[in-house]
J.: 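After the structure tokens below, expect a handful of questions from me.
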Amino acid sequence: MNKNYYLVPAELADELKLSAYRQQVDGGYIMSASDLDAYGIERAVDEGATPLSENQVKQLLN
């Protein structure tokens, strides 16, 4: 299951050097699947990233 967006824990976002470029919300950072491709989506999920639907992203941003 490959969703378009993920809620990534702050520690992982910092490790990926993307926290300065992505929207922070309660619980971490919103990132796209393409942000995580090089790192590995399955690896990111194993380390705490949570798949999000577009509606969930909208709710987090409002």
Side-chain angles (χ1 to χ4, degrees):
M1 178 170 65
N2 188 6
K3 300 264 185 171
N4 290 326
Y5 300 100
Y6 292 83
L7 181 61
V8 177
E11 298 81 17
L12 181 53
D14 289 341
E15 181 180 334
L16 297 173
K17 308 280 192 252
L18 292 173
S19 57
Y21 305 102
R22 296 298 176 257
Q23 180 68 41
Q24 184 175 16
V25 295
D26 189 33
Y29 289 83
I30 296 172
M31 296 192 181
S32 68
S34 61
D35 290 332
L36 301 174
D37 277 342
Y39 188 74
I41 292 172
E42 288 183 28
R43 181 177 174 194
V45 169
D46 288 345
E47 294 182 20
T50 305
L52 298 171
S53 68
E54 286 185 32
N55 285 336
Q56 289 171 310
V57 171
K58 289 176 187 176
Q59 288 175 354
L60 286 169
L61 293 175
N62 288 324

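Keep in mind that this is a model prediction, so the values were computed, not measured.
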J.: For D26, which residues count as a side chain to side chain contact (heavy atoms under 4.5 Å, CB included) partner, sequence neighbours excluded?
T.: none
J.: After noting the C-alpha distance and the side-chain angles of N4 and V57, does the key distance pass the side chain to side chain contact (heavy atoms under 4.5 Å, CB included) rule?
T.: CA-CA 10 Å; N4 290 326; V57 171; over 6 Å; no
J.: Return the set of residues passing salt bridge (Lys or Arg N to Asp or Glu O under 4.0 Å) with E42 (not counting sequence neighbours), or none when no residue passes.
T.: none
J.: Could you pull out all residues at least two apart from L7 that satisfy side chain to side chain contact (heavy atoms under 4.5 Å, CB included)?
T.: V25, T50, L52
J.: Compare all side-chain heavy atoms of Y6 with those of D35 and state whether any distance is below 4.5 angstrom.
T.: no
J.: What are the two closest non-hydrogen atoms of R22 and Y29, and how far apart are they?
T.: O-CD2, 3.5 Å
J.: Return the minimal non-hydrogen interatomic distance between M31 and L16, and the atom names on each side.
T.: SD-CD1, 4.5 Å
J.: Is there a side-chain contact between L12 and Y39 in this structure, where contact means two heavy atoms from C-beta onward sitting under 4.5 Å apart?
T.: yes
J.: So which heavy atom on Q56 is nearest to which on P51, and how close?
T.: OE1-O, 4.0 Å
J.: Rounded to the nearest 0.5 Å, how far does CD of Q59 lie from CG of L61?
T.: 10.5 Å
J.: Taking all non-hydrogen atoms of both residues into account, name the closest pair between A49 and P9 and its distance.
T.: N-CD, 3.8 Å
J.: Closest approach of A13 and V8, non-hydrogen atoms and distance?
T.: N-CG1, 3.8 Å
